[in-house]
Amino acid sequence: MPKLKSITADAGSRLKTISGINEKHNPSEIELKWQKRWEEAKIYSPNLDKAQKPFYNLMMFPYPSAEGMHVGNMYAFTGADVYGRFQRMQGKAVFEPIGLDGFGIHSENYAIKANKHPVEQARTSEKNFYRQLKSIGNGFDWTRTVETYKPEYYKWTQWLFIQLFKAGLAYRKKAPVNFCPSCKTVLADEQVEDGLCERCNSIAEKRDLDQWFFKITKYADRLLAGLSQIDWAEKVKTAQKQWIGKSEGVNLRFKIKDMDIHFEMFDSVPQTFMAQTFTVIAPEHKMVYELVKGTEHEKPVMEFIKTIKKKKSINKFDLEKKPEGIFTGRYLEYTPTGKSIPIWVASYAIYGYGTGVVNCSAHDERDFIFAKRYGISLHPVMFPKDPVEAKKVKNLEYCYHHAEDGILQEPVEFKGRKWEEVRGDIVHYIEKQGYGKAQAQYHLRDWLISRQRYWGPPIPMIYCQTCSWQPVQEKDLPVKLPFIEDYKPLGTGQAPLASHPEFYKTKCPKCKGDAKRETDVSDTFLDSAWYFLRYVSTDIETMAFDTERVKKWLPVNMYVGGAEHSVLHLLYSRFITMCLHDLGLISFEEPFTKFRAHGLIVKDGAKMSKSKGNIVVPDAYIKKFGADSLRCYLMFTGPFDMGGNFRDSGIEGMSRFLKRVWALVHRKKDSMNNKSGSKKSLLGSNEALVFMNKTIKKVTGDIGNLKYNTAIAGLMEYYNFLSSQKYIAIEEFRVLLKLLAPLAPHIAEELWEYIGEKFSIHQQFLPDFNESILKASYLTIAIQINGKLRGVLTVTSQFSKDKDRVEQLAKESDKIKKYLKAKEIKKIIYIEGKVINFVVT
RNA sequence: GCCCAGGUGGCGGAAUGGUAUACGCGGUAGUCUCAAAAACUACUAGUCGCAAGGCUGUGUGGGUUCGACUCCCUCCCUGGGCACCA
């Protein structure tokens, strides 16, 4: 410990150099110094093979496309880092990696806009992003970064594709898919929001194209069931649940009159199956043509389908409120009622859901409207209890549906029973009668994985005339993405690589004959669906990931990221993890044990966006105020999962706070007791002891619950208390700095050194609080008259235990006497240590 | 339409059945200074009052309770998710 020149207590205003340390807080100087020192000492690079108590602290890696990292990214990373540092200071070996999700449409679109080749753009972005990421003071392990666009990474993305193909989970099919005319590629369902491309907001068209899919639907039930096993933000779980969209019901099966064809139709409300009076089929359904072929209906029906398809192709269709339809001339032999019911083509039937054929009745809003519009007969079988209402339903005045206490009339076996309670029995009945079978339907579709773009891993498949699709042999991986000048998307349904025979001309891996490579690349979300496995294995070239390390470090202990990935990245990652589990490559099914979604940072109340030009880049703030100030400010704006509002004046306030802490430590250090210990003890007064313990409890509790805003408020209160004290004990400084360390790592480290402690504060244990000290402190008890606050009492906690004495003391206070005068006390309620309430007349 | 968050001073927010507005920002006054900035000190929900003190107050209206920002019901608003899903 350096010798100190003694300074007087009010020396805060006089700047002096003490033993070479400038008394004024200079953030950029100390931040660079400690960042360098931390990296040299490798305090954030745990030994992945030997670490005890491993803790994998992950945050979603950024797309490094745009102008650079903005404060929104920094907010997420800082919040995640505070948690990681908190775990490290509880003795965990924290692994906190970072990388770049640099492949994909997002980055490529940016490169096109900036008129740079994506390869070149990636190089620039990487440099810029890593520089920024280093400046924010996170405890990243810089020895293990991952960039999805590097061959050593995407080699394994391709390998993963091949594993899925071999397991029968990757397949090709022609299907109506979403196509973005601006990005000139197909998109997955998850990447279309309200009919618009999530990247560029163009209207997504429907096109019939031959594409690669991953069979995520096979995992629908497990993806759903797994949600109850993991500790995730509830809103994300709900979003996934809704996206998977499981709906249970029955599949009914009936013959078409005069044809040797049976139709199956899904019904999620089987209770009213006796009400079916017509059937509708989706316009895209292949069977429609079979129904009308050679009949008088063929021409009008096919015309109708053409019109509807046109409307659907521009996705304008959902704007149409009125359902449209046309009669096919065919009937279904509906055995339950013994009637032949007409089959219509209807615009509102969805080809991709259920069987594309719907059984229709008076008890469904859309069916009801459709039937009324086209004069199709309806036959209600369920009625309200109220006879007046029941008559209205009978007269088809309105559609009666989903009524919990609706009374069934048919079938006779269930007459008089309630809709709500009869469901299970009806399903059983339908099965017994042989009308159909219980079944579930899902909203989830298979994951469309191919993209007709350049900037991604080429899909490692080869097409051979004789042997059909063959995977590239693993020894030939990676299929390198060649550098081509004409990388821009074509919009023809073909990827840019399709213009490069030197790329696609190859030999079939099986028969060695002439063959053609797949020229599409895979979706970016495949790159990011497994990166958390690669982080622990970046030094390994022979495997996608090291099984032993994965066993040691995964599943991820804490994952922090944006809720916008609820049904994208977070669902895909779970799916890929389950696939790898089933392939016997890993032992767990869920990749992220705990996930928390961070909130959004807005600027002066408005969402940050490029078009508004209000994106805040952290660099200038870090330069001016330091990363510590910006970190604390961002964390202080609100609860971490709610986000906050970025205001310049706010960060100035935080900067002031850190300066005050700095000044306090420097100013009061001469009054501290040093470790050798004078008689004044290592601790301060009793009051100080209580305050310290209270602060430890509050701050550690809040950080653990990601309530950083109140943790900082607690630290400020502690500062305010300490600065009012004449003497501050060394332990009080130690506690202050340790609690500050996760939030403001640089200044805490600097001051830690200044008070003579050993490097590094980030390898210390957080202090424990002593509950018995808290219990022994003074309490303030509120005195109420009829629930209104009329005074307070300050007593020891011992005293507070005695109701009679508290009551006596309260009654004796002058203020209370006044209120109790000439009143009859009816009741006295005493809540120990908190409140005493006199209920009077 | 269904589901999930949320609505508290001039502003960000705190308090999840027991002293509403912690902490910070902003503001006002003061100290220091030739002056300014910085820093520091005090005050800062509204309202009535010289004051002591009183009254009102957590989106709306009601309820439960000795006591409600907190629990229950009604409605309104904001943000997010799902949506011709049969």
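These numbers come from a predicted model, not from an experiment. The chains referred to below are lettered A, B, ... by the order of the sequence lines, with proteins before strands, and numbering in each begins at 1.
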Who does [N] pair with, Watson-Crick or G-U, both distances under 3.5 Å?
N	answer
B:rA36	none
B:rU70	none
B:rU78	B:rA5
B:rC23	B:rG12
B:rC50	none

Anything under 3.5 Å between a donor and an acceptor, one on a side chain of residues 827-840 of chain A, the other on a protein residue two or more places apart or in another chain? List them.
unit_1   : atom_1 : unit_2   : atom_2 : d
A:Tyr830 : OH     : A:Ser800 : O      : 2.6
A:Tyr830 : OH     : A:Gly833 : N      : 3.1
A:Asn837 : OD1    : A:Asn786 : N      : 3.4
A:Asn837 : OD1    : A:Gly787 : N      : 3.0

[atom1]-based separation of [M] from [N] [nearest Å]:
N	M	atom1	answer
B:rU70	B:rG61	P	13 Å
B:rC85	B:rG63	C1'	39 Å
B:rU65	B:rG10	C1'	35 Å
B:rG17	B:rA86	P	38 Å
B:rU44	B:rA22	P	10 Å

Closest of B:rA83, B:rC84, B:rC3 to the A:Gln242 side chain is B:rC3
As a test of reading the structure: which of B:rA86, B:rA83, B:rC84 is closest to the side chain of A:Tyr353, going by heavy atoms? B:rA86
Over 60° means perpendicular and under 30° means parallel, so tell me whether A:Tyr351 and A:His285 are parallel, tilted or perpendicular. perpendicular
Would you say the side chain of A:Glu284 lies within less than 4.5 Å of the side chain of A:Ile308, judging by non-hydrogen atoms? no
Using a 4.0 Å heavy-atom cut-off across all strands, classify A:Lys707 as base, sugar-phosphate, or nothing. sugar-phosphate
Indicate, with a heavy-atom threshold strictly under 4.0 Å, whether A:Met265 touches base, sugar-phosphate, or nothing. nothing
Taking the nucleotide of RNA chain B with the nearest heavy atom to each, does A:Pro639 or A:Ser268 sit closer to the 5' end?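 Residue closer to the 5' terminus by nearest nucleotide: A:Pro639.
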Contact list (N/O, under 3.5 angstrom) for nucleotides 55-58 of chain B vs protein:
unit_1 : atom_1 : unit_2   : atom_2 : d
B:rC55 : OP1    : A:Arg790 : NH2    : 3.4
B:rC55 : OP2    : A:Arg790 : NH1    : 3.3
B:rU56 : OP2    : A:Lys788 : NZ     : 3.2

At under 4.0 Å, does any side-chain N or O of A:Lys235 touch on OP1 or OP2 of B:rA5? no
For nucleotides 18-31 of chain B, read 5' to 3', which letter fits each nucleotide if B means a protein heavy atom sits under 4.0 Å from the base, S means only the sugar-phosphate is that close, and - means neither? BB--BBSSS-----
